[in-house]
Amino acid sequence: MGSEHSISTFVTQSLEEIRFWSRIMKEHAFFLSLGFTADDTKLIQEAKHYIAIFERIEEQASEYNERTDPEVIRNFNIQVYQAAVSIWAYKRKVLGLILHCQINGNNFPLLVDHISREAFYFAKRLKELNEGKIKPLADAIIDENVFFLKIMADHSKFIGHLLDPSERKLVDQARGFSEDFDKLLYQAQDLDHMRPQSETKPLFEQFLDQNRVSVVSLRDFKKTARELIEECKIKSIIHPLLADHVFREASHFLEIIDAFDAHLSAQKA
Ligand SMILES: [Fe+2]
Ligand SMILES: [Fe+2]
């Protein structure tokens, strides 16, 4: 068993991850349900089943706090892990149906793939927490950035495609973000390929700074888009909740970047 400190970190981190991602998983199921055609009743029912599952998980998480017995949280993590793996399998099944042209609807294949990657990430985080695995900082910095830069690049593409084509200025801006994040993703992969030699503090600091600048501006763009959509000031088929959803995911990535920066600064030069 770890020290007092690591136990409370385990409980707090588990609850933080579960609170953030369960809401995200619930919303994915909701977005999928909106994108099916009316005759795909079975798939819609399955989506509703996942909405209920993750709603219950959210309620359960709200009953726990940092003083909850770590064993209770360990079991909770296993239960949520199973739900995350199950929704992942459902999303992959839907992706297969779309790619084999067995269903129609408005769910882009890239979006379904994207939300399945997020479910996989969530499941993996829960497994790592329960196994007490702490990745070396260098691995964590590169892996998390490669994951989230792709997520941000995808979001930019979804926004660009879901805005009405007549919103030419905004579509252009979304395309600009898409290109920006594709480049940042390539850079992150370059750094990954140059490992372990690329694992230097100055390179990592510059890498995080550069990523932060773009994530901040994408987050602000999403915030503006969310407000414009809520006030019905722009033409799009973006659900207001989707606008908020991608905004929250960008904010989450920024928190991760800041945490890495703090860890790096705490390290001796
Ligand atoms: Fe998402
Ligand atoms: Fe996302």
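Indexing begins at 1, ligand by ligand and atom by atom, following the structure's order.
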For the Fe ion (ligand 2), the nearest N/O/S atom on His155 is atom NE2
* Given the side-chain rings of His28 and Trp88, with only the six-membered ring counted for Trp, is the space between their centroids under 6.0 Å? -> no
- CA sep, side-chain torsions, deciding dist, call: Asn130, Tyr81, side chain to side chain contact (heavy atoms under 4.5 Å, CB included): CA-CA 10 Å; Asn130 264 17; Tyr81 169 83; over 6 Å; no
Is the ring centre of Trp21 less than 6.0 Å from the ring centre of Phe54? no
ask   = Mind checking whether Arg248 and Glu27 have side chains closer than 4.5 Å, heavy atoms only?
value = yes
Atoms listed for the Fe ion (ligand 1) (protein only, N, O or S, under 2.8 Å, no waters) are His28 NE2, Glu118 OE1, His245 NE2, Glu249 OE2
By ring pair (Phe, Tyr, Trp, His ring centres under 6.0 Å), Tyr186 pairs with (sequence neighbours left out) none
Quick one: does Asp258's side chain get under 4.5 Å of Glu255's, heavy atoms only?
-> no
